[in-house]
Amino acid sequence: MNQRAHHVAVIPGDGIGPELTEAALLVLDQLQPSLSAPVKTTFLDGGAGTYQATGEAMSAAAVDTVRRSDATLKGPVGLPGVRLPDGTEAGLLGGILRNGLDLYANVRPVRLLPGVATRLAAKPGEIDYVIVRENTEGLYAARGKGVGNDRAVADTLLITREGSRRIARFALDLARSRAATTGKGPRVTLVDKANVLRSMYLFRTVFLENAADYPDVQTDCLYADAAAQALVMNPEQFDVIVTENMLGDILSDLGGGTIGGVGFCPGGNYGVDCAYFEPIHGSAPAIAGQDRANPVSQILALAMLLDHLGEAPAAGAVRAAVSAALADGAVTITPDGTPANGTRHATRAVLARLG
Ligand code: NAD
Ligand code: IPM
Ligand code: MN
């Protein structure tokens, strides 16, 4: 075995975060012997609980550890009751990690897995796309900077040429690499509101300029409202979607709603030389500590992390074990998105099917 270790930071987070990261780390432990280098984990505090205890959502030293790690596994953070004087939530890490570390690409695969009962009458294979959410500008550029008073507040949506260029090329490259494995595409759909907002017209213009360098990638443009309908009525038309920050936030949870819930949805936040992986959903305070949360989102976030570390066979083994546990009925998901026999049972079922 190559003796160099992979250094992975772990942020358990708030609410269901600790139980989900615990589940994913059990999967990681079982995989350790099959990895090309051992994973060494470092636990970091971050989130609403940390804010309550220390006055900051994450210390500068902990952020630096994320920066220097080969990858970070993060649980959901935030508690709706823990707020800043301006009224927004105090325990979130998006501004600190996504903007602070310039992790500009938020990659959110939406894939219907075998055996999962959903509200839509879709079959596995018919919902299998990736939302690439611009992660550092858009409407979220206003985070912490809204101006106004108790009668009116303005939050500014910022789109830059450079921010649009790099996310467009990230999505176009991703479509190419997906085509190598899916046999579909490559195809990128730009989702925007360029009919109404000048900022979005710039986003679209820069996307189309860059798409011209990728003649092998089919491209199209959809307005976000029409995209919301299409994600429910014709999800099979999508391969890679690229979109503005807040639109990507909303549409990725919508996608989750079509595949059995956000508890099936992992995400990766990528910059040039730093990345972290998390479920797309939040800390689900109403079900926290009850062994009810679906651990699949966090386990699939671990799979994305393993791919990032260059441990593709282990990542594939994780995905196969999750699919097998669902396909053979060992794990069933109730209509509210929670596993019928609990988080720990679902995790054990995945562990039992790991090669
Ligand atoms: P949420 O995603 O926590 O919950 C929405 C719904 O989905 C709830 O019904 C919840 O029970 C359910 N749910 C979420 N994850 C689940 C899982 N793994 N298994 C089964 N059901 C699951 O959204 P919210 O209630 O709007 O937010 C709660 C807190 O989380 C807030 O503080 C919010 O700001 C924060 N948040 C954090 C992140 C993050 O850390 N990346 C993401 C979204 C929301
Ligand atoms: C997400 C979350 C965050 C976002 C919140 C918690 C700030 O909803 O990662 O999707 O809006 O980006
Ligand atoms: Mn969200």
Side-chain angles (χ1 to χ4, degrees), residues 11-24 46-52 57-58 72-84 87-99 103-108 110 116 131 133-144 155 243-257 259-269 276-301 322 331-344 346-347:
I11 307 168
D14 301 305
I16 58 174
E19 50 201 293
L20 293 195
T21 47
E22 186 184 315
T50 305
Y51 177 83
Q52 286 176 306
M58 197 168 190
T72 295
L73 185 70
K74 174 188 162 294
V77 296
L79 294 171
V82 181
R83 307 192 87 93
L84 293 167
T88 63
E89 282 192 35
L92 305 178
L93 298 179
I96 296 173
L97 296 179
R98 294 175 186 166
N99 289 87
L103 308 181
Y104 66 93
N106 191 333
V107 175
R108 299 185 153 191
V110 179
V116 178
I131 296 179
R133 169 184 177 188
E134 200 294 319
N135 219 19
T136 53
E137 47 186 52
L139 190 51
Y140 281 55
R143 195 197 302 258
D155 286 318
T243 192
E244 179 271 341
N245 205 334
M246 183 148 110
L247 294 179
D249 178 46
I250 296 166
L251 294 178
S252 53
D253 271 39
L254 188 158
I259 61 165
V262 285
F264 285 105
C265 296
N269 299 265
Y276 76 89
F277 301 86
E278 63 182 347
I280 74 161
H281 58 71
S283 61
I287 60 168
Q290 299 166 38
D291 191 42
R292 288 184 61 201
N294 184 357
V296 168
S297 54
Q298 192 82 53
I299 292 171
L300 293 179
V322 168
V331 176
T332 54
I333 302 295
T334 57
D336 72 357
T338 61
N341 297 303
T343 311
R344 291 197 190 92
T347 307

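These figures come from a predicted structure and were not determined experimentally. Throughout, residue positions are numbered sequentially from 1 according to the sequence presented. As the structure lists them, so they are numbered: ligands from 1, and atoms in each ligand from 1.
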Quick one: which ligand 1 atoms are inside 4.0 Å of a heavy atom on [X]?
X: P285; value: 28 (C)
X: G78; value: 29 (C), 32 (O)
X: A293; value: 19 (N)
X: E278; value: 41 (N)
X: G263; value: 17 (C), 18 (N)

Yes or no, since that's all I need: does a protein heavy atom fall within a distance strictly under 4.0 Å of [atom]?
atom: atom 28 (C) of ligand 1; answer: yes
atom: atom 25 (O) of ligand 1; answer: no
atom: atom 43 (C) of ligand 1; answer: yes
atom: atom 19 (N) of ligand 1; answer: yes

Looking at ligand 1, would [X] count as a contact under a 4.0 Å heavy-atom criterion?
X: I280; answer: yes
X: A286; answer: no
X: S283; answer: yes
X: R292; answer: no

Worksheet entry | From CA spacing to verdict: side chain to side chain contact (heavy atoms under 4.5 Å, CB included), L97, M58 | CA-CA 9 Å; L97 296 179; M58 197 168 190; 4.1 Å; yes

Measure the spacing between [atom1] of [X] and [atom2] of [Y] and express it to the nearest 0.5 Å.
X: M246; Y: L139; atom1: CE; atom2: CG; value: 5.0 Å
X: R108; Y: T243; atom1: CZ; atom2: OG1; value: 12.0 Å
X: T50; Y: L93; atom1: OG1; atom2: CG; value: 8.0 Å
X: D155; Y: R143; atom1: CG; atom2: CZ; value: 11.0 Å
X: I16; Y: D291; atom1: CD1; atom2: CG; value: 11.5 Å
X: Y51; Y: L84; atom1: OH; atom2: CG; value: 5.0 Å

If you compare all heavy atoms of [X] against all heavy atoms of [Y], which two are closest, and at what distance to 0.1 Å?
X: L79; Y: S283; value: CD2-OG, 4.2 Å
X: I96; Y: A57; value: CD1-CB, 3.9 Å
X: I280; Y: P266; value: CG2-O, 3.5 Å
X: T21; Y: K74; value: CG2-C, 4.3 Å
X: T347; Y: A23; value: OG1-CB, 3.4 Å
X: C265; Y: G261; value: SG-O, 4.0 Å

Worksheet item: With a 4.0 Å heavy-atom cut-off (strictly under), which part of L92 contacts ligand 1: side chain, backbone, both or neither?
Response: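 Looking at L92 and ligand 1, just side chain atoms fall under 4.0 Å.
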
Discussion item. Just to be sure I read this right, does ligand 1 sit under 4.0 Å from the backbone of Q298, its side chain, both, or neither, counting only heavy atoms?
Written reply: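 It is neither part, as no heavy atom is under 4.0 Å.
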
Heavy-atom nearest neighbour of [atom] within options [options]:
atom: atom 14 (C) of ligand 1; options: V262, T343, L79; answer: V262
atom: atom 33 (C) of ligand 1; options: K74, E89, R83; answer: E89
atom: atom 16 (C) of ligand 1; options: V77, D336, I16, T334; answer: I16

Write out the residue and atom name of the closest protein heavy atom to [atom], then the distance separating them to 0.1 Å.
atom: atom 36 (N) of ligand 1; value: G282 CA, 3.3 Å
atom: atom 10 (C) of ligand 1; value: A284 CB, 3.7 Å
atom: atom 17 (C) of ligand 1; value: N294 N, 3.6 Å
atom: atom 21 (N) of ligand 1; value: I287 CD1, 3.8 Å

Item to complete: Give the C-alpha distance, both sets of side-chain angles, the deciding distance and a yes or no for side chain to side chain contact (heavy atoms under 4.5 Å, CB included) between L20 and S297.
Response: CA-CA 8 Å; L20 293 195; S297 54; 4.2 Å; yes

Worksheet entry | Residues which pass side-chain contact (heavy atoms from CB on, under 4.5 Å) with T136, listed by chain and number, not counting sequence neighbours |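 With neighbours one apart ignored, the set is N99, D102, Y104, E134, R166.
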
Worksheet item: Stepwise, does the side chain to side chain contact (heavy atoms under 4.5 Å, CB included) test hold for F264 with L300?
Response: CA-CA 8 Å; F264 285 105; L300 293 179; 5.7 Å; no

Worksheet item: Which residue pairs pass the side chain to side chain donor-acceptor pair (under 3.5 Å) test when at least one of the two sits in residues 87-98, sequence neighbours left out?
Response: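 Matches after skipping sequence neighbours: D86-T88, R98-N269, R98-Y276, R98-E278.
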
Worksheet item: Does an N or O from H281, backbone or side chain, lie closer than 3.5 Å to an N or O of ligand 1?
Response: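 Yes, at least one N or O pair falls under 3.5 Å.
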
Item to complete: Would you mind counting protein N, O or S atoms that sit less than 2.8 Å from the Mn ion (ligand 3)?
Response: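 With waters ignored, the protein N/O/S count below 2.8 Å is 1.
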
Item to complete: Can you tell me which residues line ligand 2 if we count any heavy atom under 4.0 angstrom from one of its atoms, in chain and number order?
Response: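 Lining ligand 2: L92, R98, R108, R133, Y140, D249, I280.
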
Worksheet entry | Residue pair R292 / D336, side-chain heavy-atom distance below 4.5 Å |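 With C-beta onward as the side chain, the pair touches.
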
